[in-house]
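Working notes, structure below.
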Amino acid sequence: PLPDTTLAINRQTARVQFDNIVLATRYIGPIASTLTTGYDYNGDGHKGLGDVWSLVRLHSADKADMRADFNGDGNPDLRDALDLLLEVLRG
């Protein structure tokens with residue numbers, strides 16, 4: 001049976017309507033910040049300037065891609081690349 005889609009809001013009845021429902025055999029939702037790649041954005045296994053460049057390119061390709069959230073603040077932006085650059089420079 002379908003769940004009740006009516007909700008009491010401010011003593012009035014509201015109705016929830018679903019426009020699209022998707023069924024999938026694997027995860028297709030937004031990429032969670034827990035799925036970040038750490039520091040290895042270029043896949044060579046080492047932390048370096050190549051990772052900073054790859055992170056900048058990842059961010060440029062899709063500003064909402066949570067894989068670009070290096071610092072884990074929930075906001076993928078160019079500060080992540082600066083944080084990674086500082087980490088690379090510190091060794």
Side-chain angles (χ1 to χ4, degrees):
L2 292 175
D4 183 9
T5 59
T6 58
L7 302 171
I9 300 174
N10 297 330
R11 299 181 192 200
Q12 298 177 355
T13 300
R15 184 168 298 280
V16 176
Q17 296 179 337
F18 298 95
D19 191 33
N20 294 307
I21 296 176
V22 177
L23 300 175
T25 58
R26 61 186 173 91
Y27 183 72
I28 60 168
I31 298 170
S33 62
T34 58
L35 298 177
T36 58
T37 59
Y39 65 83
D40 193 15
Y41 287 93
N42 65 356
D44 67 355
H46 304 284
K47 185 180 349 182
L49 294 177
D51 296 302
V52 176
W53 177 244
S54 294
L55 177 56
V56 169
R57 287 191 333 212
L58 177 63
H59 173 72
S60 296
D62 182 1
K63 293 184 181 4
D65 190 337
M66 291 304 290
R67 292 177 298 167
D69 185 22
F70 172 75
N71 60 19
D73 65 356
N75 185 23
D77 56 22
L78 291 178
R79 283 179 284 189
D80 296 290
L82 293 175
D83 289 344
L84 178 56
L85 177 60
L86 287 173
E87 214 171 283
V88 167
L89 293 175
R90 288 183 188 127

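Only heavy atoms go into these numbers, but all of them, side chains included; no hydrogens, no water, no symmetry mates.
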Any residue meeting side chain to side chain contact (heavy atoms under 4.5 Å, CB included) with Leu78, in chain and number order, not counting sequence neighbours: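 Residues passing side chain to side chain contact (heavy atoms under 4.5 Å, CB included) with Leu78: His59.
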Straight-line distance of Asn71 CG to Leu86 CG, nearest 0.5 Å: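 Separation between the atoms: 11.0 Å.
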Value rounded to 0.5 Å, distance of NE2 in His46 from CG in Asp44: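 Atom-to-atom, His46:NE2 and Asp44:CG are 5.5 Å apart.
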Check: Asp69 side chain, Met66 main-chain N or O, donor-acceptor pair, under 3.5 Å: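 Flag not set: sc Asp69 to bb Met66 has no pair under 3.5 Å.
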same_hphob_cluster(Tyr39, Val88) at 4.5 Å side-chain heavy-atom cutoff: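 Yes, one cluster joins them.
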Polar side chain donor-acceptor pair, Asn75 to Asp73, under 3.5 angstrom: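 Judged by distance alone, the side chains do not pair up.
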Side-chain donor-acceptor pairs of residues 47-56 under 3.5 Å, sequence neighbours excluded:
residue : atom : partner : partner atom : Å
Lys47   : NZ   : Glu87   : OE2          : 2.9
Asp51   : OD1  : Tyr41   : N            : 2.9
Asp51   : OD1  : Asn42   : N            : 3.1
Asp51   : OD2  : Gly48   : N            : 2.9
Ser54   : OG   : Gly50   : O            : 3.0

Considering all heavy atoms, the nearest Leu58-Arg67 contact: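 The pair with the smallest heavy-atom distance is CD1-NH2, 3.6 Å.
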